[in-house]
Asker: 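Shown below is the structure under consideration.
Model, not experiment: these values are computed from the prediction.
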Amino acid sequence: MQRGFSVSLTARTLHDRKALNEAGQFLEENKFRLVVVAANETKGDTAQDRALTQARAKVVRDYLIANFRLDDTRIKTID
């Protein structure tokens, strides 16, 4: 874990809930599995960027699980 840097993201920080709600609805109706991958630019502190990227992917996963009837084993994040 990196010292001096923490990530605090919640569902309140999501910018495109409409797209997430559409994805959640689709996943409820279809039994696909999903891998959430968050990306960012490659400039800057790569350790901080990686931590932020991982946190973003986790927020999306947690939002989908909390707001739709989805088994948490169907949605993975890539570290």
Side-chain angles (χ1 to χ4, degrees):
M1 174 166 239
Q2 291 291 341
R3 289 189 221 176
F5 180 73
S6 65
V7 176
S8 179
L9 295 174
T10 65
R12 285 182 280 179
T13 61
L14 293 173
H15 295 289
D16 196 353
R17 288 180 196 231
K18 182 180 180 210
L20 287 174
N21 290 337
E22 289 174 2
Q25 191 97 32
F26 180 81
L27 289 168
E28 277 186 333
E29 296 167 0
N30 299 279
K31 297 302 176 194
F32 292 106
R33 292 181 183 258
L34 177 70
V35 176
V36 178
V37 179
N40 62 348
E41 295 184 28
T42 57
K43 56 186 172 183
D45 183 329
T46 55
Q48 286 183 336
D49 288 344
R50 182 178 172 111
L52 182 59
T53 299
Q54 290 171 342
R56 287 177 178 155
K58 185 177 180 326
V59 167
V60 168
R61 178 187 183 276
D62 292 348
Y63 178 86
L64 291 171
I65 291 169
N67 291 284
F68 297 93
R69 295 171 309 208
L70 302 173
D71 181 349
D72 66 345
T73 62
R74 290 179 55 204
I75 304 175
K76 302 287 183 198
T77 59
I78 296 180
D79 295 340

Asker: Kindly write out the residues that satisfy salt bridge (charged side-chain N to carboxylate O under 4.0 Å, His left out) with Lys76, not counting sequence neighbours, or none if the list is empty.
Answerer: none
Asker: On the 0 to 90° scale, with breaks at 30° and 60°, tag the Phe32-Phe26 ring pair as parallel, tilted or perpendicular.
Answerer: parallel
Asker: Suppose we screen for side chain to side chain contact (heavy atoms under 4.5 Å, CB included). Which residues come up paired with Ala23, at least two apart in sequence or across chains?
Answerer: none
Asker: Got Leu64 and Leu34 here, is their nearest side-chain heavy-atom distance under 4.5 Å?
Answerer: yes
Asker: To the nearest 0.5 Å, tell me how far Leu27 CG sits from Leu20 CG.
Answerer: 10.5 Å
Asker: Can you tell me which residue pairs pass the salt bridge (Lys or Arg N to Asp or Glu O under 4.0 Å) test with a partner in residues 62-74, sequence neighbours excluded?
Answerer: Glu28-Arg69, Lys58-Asp62
Asker: Holding to side-chain hydrogen bond (donor to acceptor under 3.5 Å, both in side chains), I want the full list of residues that pass it with Asn30, two or more places apart in sequence or in another chain.
Answerer: none
